[in-house]
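I have a structure I would like to understand better, so I am pasting it below and will then ask my questions one at a time.
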Amino acid sequence: MRLGHIFLGAVLVFLYTPILVLMAMGFNASPLYQLPFQFSTRWYGDLMGNEGLLTAGFNSIVLGVITALVATTLGTLAALALNRHSFRGRSLLQLLLLPPIAIPWLITGTAMLIFFFWTGIGRGMHALVIGHVALAVPYVVLVVGTGLKTIRTDLEEAAMSLGSTPVHAFFAVTLPLLFPSILGAALFAFAVSLDQFVVSYFLSSPGYVTLPVQIYSAIRKGFTPEINAISTLLLLGSMSVILIFARFARPQSPGASK
Amino acid sequence: MPNEASPLPGPQSPGTGLHDLRGPHSPRKIPGWAATTALLLPAYAWLTLAVFLPLATMFVFSFLNKTPMGQAPVEFTLRHYRAFIDQGYLVRIAWNTLVMGFWTTLICAVLGFFAALALVRCTAGRQRETLLVLILLPFWTNGLVRVFSWTMVLRENGFLDSLWHLVGDGSISFLYSRPAIVLGLVHGYLPYMILTCYIALITIDDAVIEAAQSLGARWGTVLTRILIPLAAPGLISGAVLTFVPVIGSFMEPRILGGKVGMTLGTVIEDQFTQAFNWPLGASLSFTLLAVVLAIFATFSGVLKRGAAA
């Protein structure tokens with residue numbers, strides 16, 4: 001039994017060591033990452049003056065919010081149809097949600113680049129919105145679909161038998177119960193967009209880059225601990241989003257066994 | 001995945017049998033099929049525009065003789081699909097890519113299986129929940145930043161060297177090597193493997209293991225005759241979902257491999273960002289997609305059961 005704990009501890013050390021080293025180096029005074037460690041907040045100060053990284057960070061947040069809003073709307077509607085209606089071809093439609101998740105992003109990203117170039121859609125913010133929403137929609141359908149399975153349909157039927165219209169019954173009964181799942185799905189979609197690099201890399205234009213794309217070009221060109229500082233903020237940002245998501249998406253079964 | 005509906009539309013022409021499409025819970029006033037269509041159309045139209053049409057266009061592009069820029073006419077050719085014959089170095093790169101995928105998957109599978117086993121057998125309740133969250137949390141953070149973080153550890157005079165200097169001299173830095181790429185990739189996909197193995201192992205009844213032990217089975221026998229066979233679906237889905245993105249990776253080999261980090265992924269990226277040979281990039285992308293789809297098709301049964309669990 002003791003052996004298992006040691007092994008799990010080693011796995012956690014392996015998973016978190018590089019992340020913690022990255023974070024620590026953002027607070028180290030040396031621009032060449034020299035040790036011994038000398039505490040400094042210099043790089044966070046420099047970051048505040050780095051137009052390129054700040055703009056890219058702002059772009060990423062705006063893109064994440066737009067992606068979350070659009071993907072959550074589209075995905076919730078689709079989840080309602082896929083879970084509450086029965087129709088021919090439903091399994092096929094569910095299967096079609098997998099390619100955006102399962103095909104390596106390199107393939108999806110280069111395919112989007114070719115298609116957007118060929119149709120004249122081009123690159124830039126609008127192209128990134130199209131791409132990110134497509135990558136996030138399947139996750140929204142899964143999260144909202146899981147939420148819908150826990151809501152009993154007879155509640156809505158009860159409302160209708162008491163004279164409610166189907167639309168009103170949905171808004172008065174199902175939607176409020178479903179709201180935590182929808183919020184969770186939106187957070188998830190935001191995280192998917194925030195963490196996306198490969199597809200963004202191919203769809204960014206010189207005038208519109210996201211934070212990961214900007215970080216990548218900095219890594220390729222030669223970087224300073226400012227990159228560690230912004231990476232730390234990005235990691236903490238997506239970790240908090242996912243932890244909040246985990247709270248919302250937890251199935252609401254009272255007294256669930258641990 | 002629920003499987004009540006047949007995957008393909010029946011032979012009858014559209015317009016007939018629409019009444020059947022009406023689900024038991026669909027609104028009464030609006031026809032069921034109209035509501036269903038209205039709900040599905042936005043999402044699937046978007047996916048068509050953003051994913052399915054692009055994949056189809058890429059397929060067409062892979063047969064063009066050059067990137068269609070300007071007025072020059074383009075012709076159709078099979079040349080790019082002969083790249084593996086005409087450009088011999090691609091075979092070596094493809095082989096290196098598969099080897100990289102193999103090692104990453106194998107290391108993830110071994111570590112992931114035993115980590116999941118330790119979670120199931122040695123932890124419970126709140127402790128287990130916390131450990132699971134801690135293990136999965138990095139998986140949902142930026143992959144690029146996590147790969148970058150390894151350069152901090154592996155570079156000369158980096159964190160690893162600092163630890164080494166406590167006991168020895170010189171440098172054990174191995175940044176810009178194939179093992180560095182595999183290490184970064186294992187770091188990226190291990191959480192997922194632990195999760196799929198955990199889901200498979202948690203369903204094993206303790207009584208089965210106790211019965212085996214009471215009949216005199218050693219730990220090794222329990223492992224090879226009970227635990228591994230019963231965890232196989234988790235191991236296989238974890239392996240597929242590690243191997244597939246790994247053979248399509250390009251940012252990890254670039255950052256951690258430097259000059260030795262040539263993989264199919266980096267060659268494809270080069271065609272789009274440096275060489276500007278889109279048709280060759282498209283044909284290589286499509287070849288990779290064919291491999292990926294073949295892997296998914298081979299293991300679809302296991303993956304479906306994994307998804308249902």
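Residue numbering restarts at 1 for every chain, and letters A, B, ... go by the order of the sequence lines. What you see below is based on every heavy atom in this structure, not just the backbone, and it leaves out hydrogens, waters and symmetry mates. Computed from a prediction, not measured in an experiment: that's the story for all the values here.
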Quiz item: If you count heavy-atom pairs under 4.5 Å between each of B:Val60, B:Val153, B:Leu111, B:Leu134 and chain A, which one has the most?
Solution: B:Leu134

Quiz item: Using non-hydrogen atoms only, which part of B:Leu117 is less than 4.5 Å away from chain A: side chain, backbone, both, or neither?
Solution: neither

Quiz item: Where on B:Gln127 is there a heavy atom nearer than 4.5 Å to chain A: the side chain, the backbone, both, or neither?
Solution: side chain

Quiz prompt | Interface moiety of B:Leu119 toward chain A, non-hydrogen atoms closer than 4.5 Å | solution = both

Self-check item: Option in A:Phe116, A:Phe202, A:Tyr201 with maximal non-hydrogen atom pairs under 4.5 Å from chain B
Solution: A:Tyr201

Self-check item: Proximity breakdown for A:Leu235 and chain B, heavy-atom pairs closer than 4.5 Å
Solution: both

Quiz prompt | Top contributor to chain A contacts, counting heavy-atom pairs under 4.5 Å, from B:Leu293, B:Leu289, B:Leu55, B:Leu284 | solution = B:Leu289

Quiz item: So what's closer than 4.5 Å to chain B heavy atoms on A:Ile219: side chain, backbone, both or neither?
Solution: side chain

Exercise. Using modelled atom types only, decide if a donor and an acceptor are shared between the side chain of B:Arg146 and the backbone of A:Ile19 within a distance under 3.5 Å.
Key: no

Self-check item: Choice from B:Gly158, B:Ser162, B:Pro138 maximising heavy atom contacts with chain A below 4.5 Å
Solution: B:Pro138

Exercise. Tell me, for B:Arg254 versus chain A, whether the close heavy atoms (under 4.5 Å) come from the side chain, the backbone, both or neither.
Key: both

Quiz prompt | Engaged part of A:Ile242 at the chain B interface, taking heavy atoms whose separation is under 4.5 Å | solution = side chain

Quiz prompt | Region of A:Leu135 that comes under 4.5 Å of a non-hydrogen atom in chain B | solution = neither

Quiz prompt | Heavy-atom proximity to chain A below 4.5 Å, by part of B:Phe59 | solution = neither

Quiz item: Checking heavy atoms, do the side chain of B:Val292, its backbone, both or neither come under 4.5 Å from chain A?
Solution: side chain

Quiz item: Taking B:Ala118, B:Ala124, B:Ser285, B:Ser149 one by one, which has the highest count of heavy-atom pairs under 4.5 Å against chain A?
Solution: B:Ser149

Quiz item: So which part of B:Phe286 gets closer than 4.5 Å to some heavy atom of chain A, the side chain, the backbone, both or neither?
Solution: neither

Quiz item: What part of A:Phe197 is in contact with chain B, defined as an atom under 4.5 angstrom from a non-hydrogen atom: side chain, backbone, both or neither?
Solution: side chain

Quiz item: Relative to chain B, which of A:Val140, A:Leu97, A:Val192 shows the most heavy atom pairs under 4.5 Å?
Solution: A:Leu97

Quiz prompt | Residue part contacting chain B, namely of A:Met25, when any heavy atom lies under 4.5 Å | solution = side chain

Quiz item: Where on A:Leu12 is there a heavy atom nearer than 4.5 Å to chain B: the side chain, the backbone, both, or neither?
Solution: side chain

Quiz prompt | Region of A:Ala102 in contact with chain B, defined by heavy-atom distances below 4.5 Å | solution = both

Quiz prompt | Region of A:Val129 in contact with chain B, defined by heavy-atom distances below 4.5 Å | solution = both

Quiz item: Using the ring of each side chain (for Trp, its six-membered ring), is B:Trp150 parallel, tilted or perpendicular to B:His187, with breaks at 30° and 60°?
Solution: perpendicular

Quiz item: Pick from B:Phe114, B:Phe272, B:Phe159: which one has the most heavy-atom pairs with chain A under 4.5 Å?
Solution: B:Phe272

Quiz prompt | Proximal component of A:Leu8, with respect to chain B [non-hydrogen, under 4.5 Å] | solution = side chain

Quiz prompt | Interface moiety of A:Val137 toward chain B, non-hydrogen atoms closer than 4.5 Å | solution = side chain

Quiz item: For A:Val241, is it the side chain, the backbone, both or neither that has a heavy atom under 4.5 Å from a heavy atom of chain B?
Solution: neither

Quiz item: Taking the side chain as C-beta and beyond, is there a heavy-atom pair between B:Asp161 and B:Glu156 under 4.5 Å?
Solution: yes

Quiz prompt | Atom group of B:Phe61 that falls short of 4.5 Å from chain A, counting heavy atoms | solution = side chain

Quiz item: Measuring from A:Gln214:CD to A:Ile227:CD1, what's the distance to the nearest 0.5 Å?
Solution: 7.5 Å

Quiz item: Judged by modelled atom types alone, do A:His132 and A:Ser200 share a side-chain donor-acceptor pair under 3.5 Å?
Solution: yes

Quiz item: Quick one: are the ring centres of A:Phe245 and B:Trp140 less than 6.0 Å apart?
Solution: no

Quiz item: Under a 4.5 Å heavy-atom cutoff, which of A:Val133, A:Val141, A:Leu80 has the most pairs with chain B?
Solution: A:Val133

Practice problem: Kindly assign one of parallel, tilted or perpendicular to the pair B:Tyr189 and B:Phe139, based on the angle between their ring planes and the thresholds 30° and 60°. | Solution: perpendicular

Quiz prompt | Top of B:Ile247, B:Leu137, B:Leu47, B:Val147 for chain A proximity - count of heavy-atom pairs under 4.5 angstrom | solution = B:Leu137

Exercise. Pick one of side chain, backbone, both or neither for A:Leu211, based on which atoms fall under 4.5 Å of a heavy atom in chain B.
Key: neither

Quiz prompt | chain B contact via A:Phe14 - side chain, backbone, both or neither, heavy atoms under 4.5 Å | solution = both

Quiz item: What part of B:Thr273 gets closer than 4.5 Å to chain A, counting heavy atoms only: side chain, backbone, both or neither?
Solution: side chain

Quiz prompt | Heavy-atom proximity to chain A below 4.5 Å, by part of B:Leu183 | solution = both

Quiz item: Of the options A:Asp195, A:Leu243, A:Leu233, which is the one that meets A:Ser238 in a side-chain contact (heavy atoms from CB on, under 4.5 Å)?
Solution: A:Asp195

